[in-house]
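These notes concern the structure reproduced below.
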Amino acid sequence: MTGAAPAIADAGIGSTAGLGPVLCVVGARPNFMKMAPILRALASHRPPIPALLVHTGQHYDAEMNDRLFDDLRLPRPDVNLEVGSGTHAVQTAEVMKRFEPVVDQHRPSCVVVVGDVNSTLACTLVAVKKHVPVVHVEAGLRSHDRRMPEEINRVLTDQVADRLYTTERSALVHLQREGVPAERVVFVGNVMIDSLLHHRELARAPAATLRAHGLDPALLDHRHGYGVVTLHRPSNVDDAATLADVLGTLAAVASQLPLVFAMHPRTRANIERFGLQHLIDAQRIAVLPPQGYLEMLGLMAGATVVLTDSGGLQEETTALGVPCLTMRENTERPITIEQGTNTLVGRDRDAILGAVAEILLGRGKRGRVPELWDGHAAERIAADLWGWLHAGHEATPR
Ligand code: UD1
């Protein structure tokens with residue numbers, strides 16, 4: 001694809017065989033790239049499937065929010081709940097309180113939620129108790145680590161969802177083990193990869209990204225190239241000693257390979273709070289604010305290796321064929337390990353340095369692109385949803 005990505009047509013509110021609009025919910029950064037192709041597919045379905053976009057406002061910074069909306073050509077939200085930050089309880093409760101009147105007002109045919117953030121679960125709970133069918137995109141992923149808030153959000157959302165779309169076949173096994181009937185589950189592929197393939201050719205050059213932040217792009221010209229880092233999981237960044245250890249490991253990696261660190265606000269705030277700024281060597285590590293979608297895509301596509309604790313980056317690097325070292329003990333996306341370029345390294349400094357050394361020797365994981373990560377997952381969702389809604393479906397009796 002060349003030129004600017006087409007704007008997503010406004011699906012608008014219409015009456016389609018008497019059905020209310022599909023309420024599509026986003027809340028936080030990783031939701032935006034999943035919902036963009038779904039909105040596009042609903043609008044271009046024949047006949048179009050009316051949709052409304054609800055933003056809970058969980059992420060609100062220009063860098064975490066506005067830039068991504070622009071890059072992904074997401075339409076302005078029809079409704080913004082503006083919940084902002086808070087503890088998990090406060091954030092979840094605020095979304096629920098503010099989402100309930102939206103459901104009452106629009107009488108949707110279903111509520112579509114994506115991923116595993118607090119907004120996903122909060123809107124699911126509101127809809128399901130009003131007997132509005134819930135559709136979960138990216139269902140069935142499991143890290144089996146119940147200390148992760150995202151795992152709780154996934155398990156509970158899937159338990160009450162009426163239609164579940166999965167990105168990889170292992171998801172069905174988890175869902176069936178948890179008692180979800182197989183007939184509710186449809187393997188459609190990965191909408192996040194729809195976004196990646198759609199925008200790939202528009203990715204910004206890494207040098208331009210560094211220059212835009214007043215940094216010298218010569219850092220990228222190292223003979224081994226450069227690595228990209230993102231970290232924001234509470235387990236890596238919320239404890240002072242752990243974060244210091246992680247930054248020490250990054251410094252050791254940076255002595256072999258310069259790094260570009262796109263820093264999440266949670267991580268930045270904690271580095272300041274714990275007084276750890278001195279652990280970041282500005283000569284070897286370029287620290288950037290959270291990046292737009294096209295900047296991040298360009299940085300990742302050009303990288304020698306990506307070090308991350310993100311869920312999405314594990315999948316995007318697999319689709320791009322770039323080795324990924326995941327700084328977690330587990331992953332809910334095992335296909336990126338079995339078939340893709342991902343390796344779990346936790347916070348084990350020796351394992352990380354060893355893996356980086358292998359990659360610099362050209363022995364990084366190559367991997368292959370998993371089944372149905374082909375850029376058409378959202379179209380499969382729109383086609384299935386149309387049939388399912390018109391089969392006179394109502395929320396599953398429980
Ligand atoms: C959330 C999601 C996580 C996702 C991540 C991507 C949950 C439980 N977690 O985690 O799954 O991978 O988003 O970014 O939903 N903040 C800002 N500006 C913003 C948003 C947040 O400064 O626009 C600050 C908040 O004040 C807070 C911290 O960042 O202190 C964390 O934000 P929060 O939305 O609670 O969770 P994330 O860690 O971003």
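Order of listing sets the numbers, starting from 1, for every ligand and every atom in it.
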Open item on the list: Check this for me, if you would: do Arg380 and Asp374 make a salt bridge, where the nitrogen-to-carboxylate-oxygen distance has to be below 4.0 angstrom?
Closed with: yes
- [ ] Hey, could you give me the CG/OG distance between Leu68 and Ser195, rounded to the nearest 0.5 Å?
- [x] 10.5 Å
Task: All side chain to side chain contact (heavy atoms under 4.5 Å, CB included) counterparts of Arg349, not counting sequence neighbours - done: Asp245, Thr249, Leu353
Task: Pairs involving residues 254-266, ordered by first then second residue, that meet side chain to side chain donor-acceptor pair (under 3.5 Å) (sequence neighbours left out) - done: Asp238-Arg266
- [ ] Supply the members, apart from Leu141, of the Ile/Leu/Val/Met/Phe/Trp/Tyr cluster built from side-chain contacts under 4.5 Å; use none for a lone residue.
- [x] none
Return a table of N or O atom pairs, ligand 1 on one side and protein on the other, at distances under 3.5 Å, rounded to 0.1 Å.
from     : atom 1 : to     : atom 2 : distance (Å)
ligand 1 : 9 (N)  : Glu150 : OE2    : 3.4
ligand 1 : 11 (O) : Glu150 : OE2    : 2.8
ligand 1 : 12 (O) : His232 : NE2    : 3.0
ligand 1 : 13 (O) : His59  : NE2    : 3.3
ligand 1 : 14 (O) : His264 : NE2    : 3.1
ligand 1 : 15 (O) : Gln58  : NE2    : 2.8
ligand 1 : 15 (O) : Asn118 : N      : 2.8
ligand 1 : 18 (N) : Asp61  : OD1    : 3.3
ligand 1 : 18 (N) : Asp61  : OD2    : 3.0
ligand 1 : 23 (O) : Tyr60  : N      : 2.9
ligand 1 : 23 (O) : Asp61  : N      : 2.8
ligand 1 : 26 (O) : Tyr60  : OH     : 3.3
ligand 1 : 26 (O) : Ser85  : OG     : 2.8
ligand 1 : 34 (O) : Gln58  : NE2    : 3.3
ligand 1 : 34 (O) : His59  : NE2    : 3.2
ligand 1 : 38 (O) : Arg266 : NE     : 2.9
ligand 1 : 38 (O) : Arg266 : NH2    : 3.4
ligand 1 : 39 (O) : His59  : NE2    : 2.8
ligand 1 : 39 (O) : His264 : NE2    : 2.9

TODO: Output yes when Asp384 and Arg163 qualify as a salt bridge under the 4.0 Å nitrogen-oxygen rule, no when they do not.
DONE: yes
